[in-house]
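Please read the structure below before turning to the comments.
This one's a predicted model, so the numbers in the text were calculated from it and none came from an experiment. Just so it is clear, the values below take in all heavy atoms, side chains as well, and ignore hydrogens, waters and symmetry mates.
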Amino acid sequence: SLAGQPDGFLQWQLVYFRGGVRKNPVMQALATGLTDDDIRNLAAYFAAQKPPQPGADGDAEAAMFAVGEKLAKQNRCASCHTDKYSGVQATPRTAAQREDYLLKALRDFKAGTRTGGGVAAMADVVYPLGDDQLRALAHFMAHLP
């Protein structure tokens, strides 16, 4: 969900897609023709929208949520994403984001296929984690109240 993402994060991601730094055939095709003003306007629009409501991704599994919460604390996720995981400036909101999207992003950072902002910090966090831990972290973020 782009709704409620920080304006700076959205602008940077559109710039990365437009320039081909971040790869996704659909987003690159959409972003290629955007002007700087288009990017600023789109980012402002989506940043002003309300993020998904807690629970939008279904009910949390208590044990998996607890493991994910512990991993988030151990890896200091809040130091970049804020205490409520709402993101700030060029750092995205992870709270109430779709679980499948979060898991894909974590896996991409671990594999080194996700490019753009935050690559070094994210790789440092996710590289030592196993796939079960990535799933738990995504589950936790997706089901934050």
Side-chain angles (χ1 to χ4, degrees), residues 1-61 64-65 68-69 71-145:
S1 171
L2 299 177
Q5 288 288 2
D7 184 90
F9 170 75
L10 293 167
Q11 285 189 51
W12 275 113
Q13 297 312 302
L14 287 169
V15 168
Y16 293 145
F17 283 124
R18 180 179 68 185
V21 173
R22 187 162 172 203
K23 310 284 186 209
N24 177 286
V26 173
M27 285 304 300
Q28 283 178 273
L30 292 170
T32 298
L34 295 177
T35 66
D36 290 348
D37 283 340
D38 292 336
I39 287 174
R40 283 189 285 275
N41 291 333
L42 282 167
Y45 171 79
F46 283 107
Q49 304 307 304
K50 292 190 186 295
Q53 292 295 312
D57 207 18
D59 293 331
E61 182 183 318
M64 185 177 264
F65 185 90
E69 183 175 30
L71 287 166
K73 287 179 183 173
Q74 287 174 343
N75 288 285
R76 301 172 317 280
C77 297
S79 66
C80 293
H81 294 276
T82 74
D83 290 343
K84 296 197 183 282
Y85 301 97
S86 57
V88 64
Q89 299 170 349
T91 305
R93 171 187 54 76
T94 55
Q97 185 60 273
R98 284 190 0 244
E99 188 171 344
D100 62 327
Y101 174 81
L102 290 168
L103 182 56
K104 180 185 182 326
L106 290 168
R107 285 175 173 161
D108 288 350
F109 277 118
K110 182 171 178 152
T113 57
R114 173 82 179 250
T115 56
V119 174
M122 287 301 299
D124 188 47
V125 169
V126 299
Y127 185 74
L129 301 180
D131 202 62
D132 286 346
Q133 292 172 307
L134 296 179
R135 280 198 291 274
L137 195 52
H139 186 78
F140 166 70
M141 296 287 178
H143 293 90
L144 283 166

Of all heavy-atom pairs linking K110 and Y127, the shortest is NZ-O, 3.2 Å
Rounded to the nearest 0.5 angstrom, the NZ-OG1 distance for K84 and T94 is 13.0 Å
Would you compute the distance between atom CZ of R18 and atom OG1 of T35 and round it to the nearest 0.5 angstrom?
7.5 Å
In R93, Q97, R98, the residue satisfying side chain to side chain contact (heavy atoms under 4.5 Å, CB included) with P52 is R93
Mind listing the side-chain donor-acceptor pairs of residues 72-80 below 3.5 Å, one per line with the distance, residues two or more places apart or on another chain?
residue: N75; atom: ND2; partner: L71; partner atom: O; Å: 2.9
residue: S79; atom: OG; partner: R76; partner atom: O; Å: 2.6

Which atom of L106 lies closest to which atom of L134, heavy atoms considered
CD1-O, 3.6 Å
Exam field: side chain Q13 to backbone L10, donor-acceptor pair closer than 3.5 Å
no
Of all the heavy-atom pairs spanning M27 and N24, show the shortest one and how long it is.
N-OD1, 2.9 Å
Under-4.0 Å salt bridge between R22 and D108
no
How close do L34 and L30 get, heavy atom to heavy atom, and via which atoms?
CG-O, 3.7 Å
Separation between CZ (F9) and CG (L2), nearest 0.5 Å, reads 8.0 Å
Under 3.5 Å, which donor-acceptor pairs do the side chains of residues 135-145 form with other protein atoms, sequence neighbours left out?
residue: R135; atom: NH1; partner: D131; partner atom: OD2; Å: 2.4
residue: R135; atom: NH2; partner: D132; partner atom: OD1; Å: 2.2
residue: H139; atom: ND1; partner: E99; partner atom: OE1; Å: 3.2
residue: H139; atom: ND1; partner: E99; partner atom: OE2; Å: 3.2
residue: H139; atom: NE2; partner: E61; partner atom: N; Å: 2.8
residue: H143; atom: ND1; partner: H139; partner atom: O; Å: 2.8
residue: H143; atom: NE2; partner: D57; partner atom: O; Å: 3.3
residue: H143; atom: NE2; partner: G58; partner atom: O; Å: 3.4

Closest non-hydrogen contact found for G87 with P6 is C-CG, 3.6 Å
